[in-house]
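Notes for the one structure printed next.
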Amino acid sequence: MTTPAEAGVIALARAWRAQDPDDETRAELDALIARAEAGDDEADAELHDRFSERLAFGTAGLRGELGAGSNRMNRVLVSQAAAGLGAYVRAHADEIGAGTGAEAPLVVIGYDGRRNSDVFARDSAEIMAGMGLRVVVLPRLLPTPVLAFAVRHLDAHAGVMVTASHNPPNDNGYKVYLGGVHAGSQIVAPADALIAAEIQRVADTPRVDELPRSDGWELADESVVDAYVAATARVAPAGPGAAGLRWVYTAMHGVGWETLSKILATAGYPAPVLVEQQTAPDGRFPTVAFPNPEEPGAMDLAFETARAAGAELVIANDPDADRLAVALPDPAAEGGWRRLTGNQIGLLLGWRAAREVAADPQREPAASLACSLVSSPGLEAVARHYGLDFHATLTGFKWISRAPGMVYGFEEALGYLVNPGTVRDKDGISAAVALLGIVADARAEGRTLADVLREFDETFGFFASDQISVRVDDLSAIDRVMAALRAAPPAHIGAVAVERFEDLRHGVGDLPPGDVLRLWLAEGARVIVRPSGTEPKLKLYLDVRGSSAADAGARVADLAAGARALLAQIEAR
């Protein structure tokens, strides 16, 4: 017998199904409803999970698992999001300040190679065009940085990128940018809450199959992509040291290679040896368990290719090409290859940017380097060395890109912003070009990238970082750990004394509020604790500075052991 609670969720499911234009998700609901009505507890639980809440729209836009229901990514949810964003853009076009003011507000839409990305992009275009907005869709599946570039290049009021970046294969997402006074950065408060309110208003009123649609949207001219290629090739044109460079590239089944290949040819770099199995876009991501170059095993095929090719370097982009991973040959590493950390890459690129800015007589007096507060403190040392300002921000390029005077920004999760004049978001393609420029300059001097890393340490200090990531099935477990640390901050972590404890819930200094705990320890060590913004994880970021590479490595290992012991104590309470 169906209980009242079961009847309620079945009614929600039927109402959702009635407006769903997707045959696949309608069939999903039909099967779940039939099973739930027959008394299947598993189906009932699944319906409650899909309809008990709504996938939240925030500063990261939308991101979640594909499937039917308000708590999944699907055509109904995306249509509601498009209508809500369109309403926000119409209402706030003047204050956004893009365009000439003589035409309808412009929204540009891009999409990657994930399942349903093209479908979600088309739904968004038809709905926003039906609202009277001018809508331009990029000409084919392309990297996220191209969309971020297009928002500025076309002087659009807003941009949408349909992607879930490096999330699991069955996820997709909806990333929103604002143009005009926001300069093509991702949304922050209060825009996120205002857009979310408009989306909820749409969800509460008309059915999505009753929203007006129009096929009057435009396909972007190829010149938009050409302009991105030209601008990115100028980041670091190949010097003499690039000749003969043998390197390996993987797109991780994503959309990076087509665009990067054009930039390499324009900038003059030799073509890489490709990881052929991972070059073409494939939303199934068949050769990796998790399409994130940070994950164990994700770069195994790249290392195999590099060993066979005798390569000097491996470069990887994630599936939407907004992140960059780099690996070097290392006889001491398992398999003979060592992936650099995001902090190591970020510091090298920051050093490069600082040298260029310091040598520019026309530089802005307030030029600055910026990174997220969980990234290596080594970037501040670089900024001070060259007389530049430095800003630490909350995590995410929505914050890094807005740092005053920012000429370079990075976050330790393989995100780098090397050309803020053209792209105000992390860009794994322009970062790859900048990194190749560093390699080419070193080769011209008879050196390797490993030599450049050693020179950095000798110049700025021996920084070491580590990260502890705890994946949970129940998000309340993260809340319990954060609450326990707030209620009783530790006096030490391992053998290292905690000298200062900061709770950023209400903001600290010039940092806006965030669910972040920062612990300053003796001898220049630091531990930062925060929930992940995109995954069910609690993350701890550990940083130390040592007297040598070996000393720094030992210090961060000891600190990591102490942090794990602290987490175990909290869990045992």
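Atoms considered below: every heavy atom in the structure, side chains included; atoms not considered: hydrogens, waters and symmetry mates.
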| query | Is the shortest heavy-atom distance from the side chain of P536 to the side chain of D473 under 4.5 Å? | reply | no
In this structure, OG of S185 is separated from CG of D425 (nearest 0.5 Å) by 8.0 Å
Whether D171 and R114 form a salt bridge (side-chain N of Lys/Arg under 4.0 Å from carboxylate O of Asp/Glu) is what I want to check. no
Closest heavy-atom pair, E198 versus A87, reported as atoms and distance to 0.1 Å, is OE1-CB, 3.6 Å
Smallest heavy-atom separation, L511 atom then A392 atom, equals CD2-O, 3.2 Å
Practice task
Kindly say whether L106 contributes a backbone atom to a donor-acceptor pair with the side chain of H157 at under 3.5 angstrom?
Solution key: yes
>> Any donor-acceptor pair under 3.5 Å linking the side-chain atoms of S52 with those of N71?
In response: no
In this structure, OG1 of T205 is separated from CD of Q80 (nearest 0.5 Å) by 9.0 Å
**Item:** Side-chain ion pair, D49 and R72, N-O less than 4.0 Å
**Value:** yes
Checking L138 against Y111 for the side-chain contact (heavy atoms from CB on, under 4.5 Å) test, could you report, in this order, the C-alpha distance in whole Å, the side-chain angles of both residues, the deciding distance, and whether it holds? CA-CA 8 Å; L138 294 186; Y111 59 98; 5.6 Å; no
Strictly distance-based, threshold 3.5 Å: is any side-chain N or O of S79 a donor or acceptor partner for the main-chain N or O of R75? yes
**Asked** Step by step, would you call N317 with L324 a side-chain contact (heavy atoms from CB on, under 4.5 Å)?
**Response** CA-CA 5 Å; N317 286 134; L324 169 75; 4.3 Å; yes
Describe, in one word, how the ring planes of W337 and F303 are oriented to each other, choosing from parallel (under 30°), tilted (30 to 60°) and perpendicular (over 60°).
parallel
Are side-chain heavy atoms of P169 and P291 found at a separation under 4.5 Å?
yes
Partner of T25 under side-chain hydrogen bond (donor to acceptor under 3.5 Å, both in side chains), picked from N74, D20, D30, N116, is D20
What one should report as the nearest heavy-atom pair of A306 and V314 is CB-CG2, 3.6 Å
Would R115 and E24 pass as an ion pair if we require N to O under 4.0 Å?
yes
- prompt: Are L147 and L142 close enough that some pair of their side-chain heavy atoms sits under 4.5 Å apart?
  reply: no
query: Are any of the side-chain heavy atoms of Q200 and R54 separated by less than 4.5 Å?
result: yes
Using the ring of each side chain (for Trp, its six-membered ring), is W257 parallel, tilted or perpendicular to Y249, with breaks at 30° and 60°? tilted
- Under 3.5 Å, side chain of R402 to main-chain N/O of K398, donor-acceptor pair present? yes
**Asked** Is a side-chain donor-acceptor pair under 3.5 Å present for T144 with D112?
**Response** no
Can you tell me if D318 uses its side chain to pair, donor with acceptor, with the backbone of R323 under 3.5 Å?
yes
- Message: Is it the case that the side chains of S465 and N343 hold a donor-acceptor pair, with the cut-off being a distance below 3.5 Å and no angle test?
- Response: yes
Side chains of M73 and V78: does their closest heavy-atom pair fall under 4.5 Å?
yes
*Are there more than 12 heavy atoms of other residues, nucleotides or ligands under 6.0 Å from atom CZ of R207?*
yes
Here the gap from Y541 atom OH to D466 atom CG, rounded to the nearest 0.5 Å, amounts to 12.0 Å
key: Salt bridge K175-D322, side-chain N to carboxylate O under 4.0 Å   = yes
Heavy atoms of T266 and A233 approach each other most closely as CG2-CB, 3.6 Å
Self-check item: Pair E37 + R14, salt bridge at N-O below 4.0 Å
Solution: yes
With side chains defined as the heavy atoms from C-beta onward, is the minimum distance between E222 and P139 less than 4.5 Å? yes
Subject >> Check: T259 side chain, G256 main-chain N or O, donor-acceptor pair, under 3.5 Å >> reply: no
Worksheet item: Would R50 and E28 pass as an ion pair if we require N to O under 4.0 Å?
Response: yes
Which of T395, V374, L504 passes side-chain contact (heavy atoms from CB on, under 4.5 Å) with V516? Answer is L504
- Query: Would you say the side chains of T287 and Q277 form a donor-acceptor pair under 3.5 Å?
  - Reply: no
So does D300 have more than 12 non-hydrogen atoms from other groups sitting under 6.0 Å from CG?
yes
Run the numbers on V107 and W217 for side-chain contact (heavy atoms from CB on, under 4.5 Å), then give the verdict. CA-CA 10 Å; V107 179; W217 52 272; over 6 Å; no
> Looking at E46 and R35, does any basic side-chain N land under 4.0 Å from a carboxylate oxygen?
Replying inline: no
- Residues L417, V423; criterion side-chain contact (heavy atoms from CB on, under 4.5 Å); working and verdict: CA-CA 8 Å; L417 196 170; V423 177; 5.9 Å; no
- Message: Counting neighbours of CD on E95 that are heavy atoms of other residues, nucleotides or ligands and sit closer than 6.0 Å, is the number greater than 12?
- Response: yes
dist I345:CD1 -> S376:OG (nearest 0.5 Å) comes out at 13.0 Å
Quiz item: Are the side chains of K539 and S469 in touch, meaning some heavy atoms are under 4.5 Å apart?
Solution: yes
- For the side chain of S70 and the backbone of E53, is there at least one donor-acceptor N/O pair under 3.5 Å apart? yes
Next on the checklist: When you compare the side chain of T341 with that of E412, does any pair of heavy atoms fall below 4.5 Å?
Outcome noted: no
dist M161:CE -> S117:OG (nearest 0.5 Å) comes out at 7.0 Å
Checking T250, L264, I315, T305 against P272 for side-chain contact (heavy atoms from CB on, under 4.5 Å), the one that qualifies is L264
Is there a donor in the side chain of Y177 and an acceptor in the side chain of R424, or the other way round, less than 3.5 Å apart? no
For D215, does the CG atom sit with more than 12 other heavy atoms under 6.0 Å from it, leaving out its own atoms? no
For this session: For N419 and G421, indicate whether the former's side chain and the latter's backbone hold a donor-acceptor pair under 3.5 Å.
Result: no
Y88 and A191 have their tightest heavy-atom pair at OH-CB, 3.5 Å
Indicate yes or no: does R26 engage D23 in a salt bridge with an N to O separation below 4.0 Å.
yes
Heavy atoms of G342 and L414 approach each other most closely as CA-CD2, 3.7 Å
Distance col, row R471:CZ vs L538:CG, nearest 0.5 angstrom, shows 12.5 Å
